[in-house]
Chemist: 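I am attaching a structure below and will ask some questions about it afterwards.
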Amino acid sequence: MNPDTAHLLDIESRSDAFHRRVLDLAAELREDAVPWRQARAGRLLVNLFYEPSTRTRVSFEIAALRLGMRVVNIAAADSSVKKGETLMDTFNTLQAMSPDVVVVRHPDNGALAPLAEAAWPGVHLVNAGDGSRAHPTQALLDALTMRSHFERLDALRVVVAGDLHHSRVTRSGVALMKKLGVGEIRLCAPSGLEAGPRVSEGTRGFDSLDEALDGADVVMMLRIQHERLAGMAVPDGESYHRRWGLTTERLKRAAPGCIVMHPGPMNRGVEIASEVADGPQSVILEQVANGVLTRMAVIHTLLDD
Ligand code: ASP
């Protein structure tokens, strides 16, 4: 196994070829997943989650089950982490039981890097979100969703709006969109919640959602990451919605075929109005379905290396 390609820690550390291979396989799985049902039979995936999750954890589980794998779920709250065990000790304990894939979500940026160093041959790590740093499978499933609606990404105007500063979805999503050659990436955030300079490089910045939406083909709304604000003051839900919320009225400024995305969990009536979330342009549940396909493709591809 090539140690450089054994894991999926972030978008930046993997090649364009890897991302394209995953996206192509996910698209193939969408057409017909039946031939892949037992493709990884007998292999074992462990989900190790130190932060709450609905979509991501279940989606990795279903993806593995659909490939014929077995799955063990560990929530840190119910494990020896409660007794003071370190992440490394927990990971090493799991490694000793010979899993093929370990999926980790952790509140600390870069928490998986030392685990990747310590990983035994045959153990593949997948980042399911580390702090505000990276969420590579979300970026891939979002790209799959865009690709299924638009033939050419280089002609697209994509708006990413909300708390970009604390968002791992932004960081990984923008990195992948740049690699895939998305036409124009528009970043729109309230003051103090803007993306950092590395993410913003090569994008267009907006402080008005109305202006950012003009002629847009895709709009991705993100929630405020309250768990990462560390005491920072943000407007209350209603004021936020008035200025930064995606409403039907605002969406009229976008291109007629504009799709509305959100990685979830949504705060209805804050960053997105219910009528938009449940409206005809919303592809939010499609993103969830694509999440399973993308994670099947990621697991399958990593186990090939
Ligand atoms: N579910 C995504 C994540 O884990 C987005 C979010 O929580 O806002 O980063």
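Indexing begins at 1, ligand by ligand and atom by atom, following the structure's order. Numbering starts at 1 and runs along the sequence shown.
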Chemist: Measure R168 to ligand 1 on non-hydrogen atoms and call it side chain, backbone, both or neither using the 4.0 Å cut-off.
Modeler: side chain
Chemist: Do D142 and Q138 have side-chain N/O donor and acceptor atoms under 3.5 Å apart?
Modeler: yes
Chemist: On the six-membered ring of F18, is R14 placed so that its NZ or CZ lies under 6.0 angstrom from the centre and within 45° of the ring axis?
Modeler: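 Yes, R14 sits over the ring of F18.
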Chemist: Relative to F49, does R105 satisfy both conditions: NZ or CZ under 6.0 angstrom from the six-membered ring centre, and within 45 degrees of the ring's axis?
Modeler: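 So R105 doesn't make the cation-pi contact.
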Chemist: If you measure only the distance, is there a donor-acceptor pair under 3.5 Å linking the side chains of S13 and D10?
Modeler: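 There is such a pair between these side chains.
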Chemist: Would E51 and R168 satisfy salt bridge (Lys or Arg N to Asp or Glu O under 4.0 Å), going step by step from the backbone distance to the final call?
Modeler: CA-CA 14 Å; E51 268 190 359; R168 54 197 178 203; 3.0 Å; yes
Chemist: Does R55 come within less than 4.0 angstrom of ligand 1, counting non-hydrogen atoms of the residue?
Modeler: no
Chemist: Do ligand 1 and E227 have nitrogen or oxygen atoms that lie under 3.5 Å from each other?
Modeler: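 No, there is no polar N/O contact under 3.5 Å.
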Chemist: Considering distance alone, does some N or O of Q138 sit under 3.5 Å from an N or O of ligand 1?
Modeler: no
Chemist: Give the cluster check for M88 versus L9: same hydrophobic cluster or not, with ILVMFWY residues linked at side-chain heavy-atom distances below 4.5 Å.
Modeler: yes
Chemist: For G264 and ligand 1, does the shortest N/O to N/O distance drop below 3.5 Å?
Modeler: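 For ligand 1, there is an N or O atom that lies under 3.5 Å from one belonging to G264.
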Chemist: I need the atoms of ligand 1 closer than 4.0 Å to a non-hydrogen atom of R223, numbered in the order shown.
Modeler: 6 (C), 7 (O), 8 (O)
Chemist: Heavy-atom contacts with R105 under 4.0 Å: which atoms of ligand 1 show up? List them by number with element.
Modeler: 4 (O)
Chemist: State if S167 counts as touching ligand 1 under the rule of any non-hydrogen atom under 4.0 Å.
Modeler: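 Outside the 4.0 Å threshold, so no.
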Chemist: Regarding Q225 and H165, is there a side-chain donor-to-acceptor distance under 3.5 Å anywhere?
Modeler: no
Chemist: Using heavy atoms and a threshold below 4.0 Å, how should the contact between V169 and ligand 1 be classified: side chain, backbone, both, or neither?
Modeler: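 Looking at V169 and ligand 1, just side chain atoms fall under 4.0 Å.
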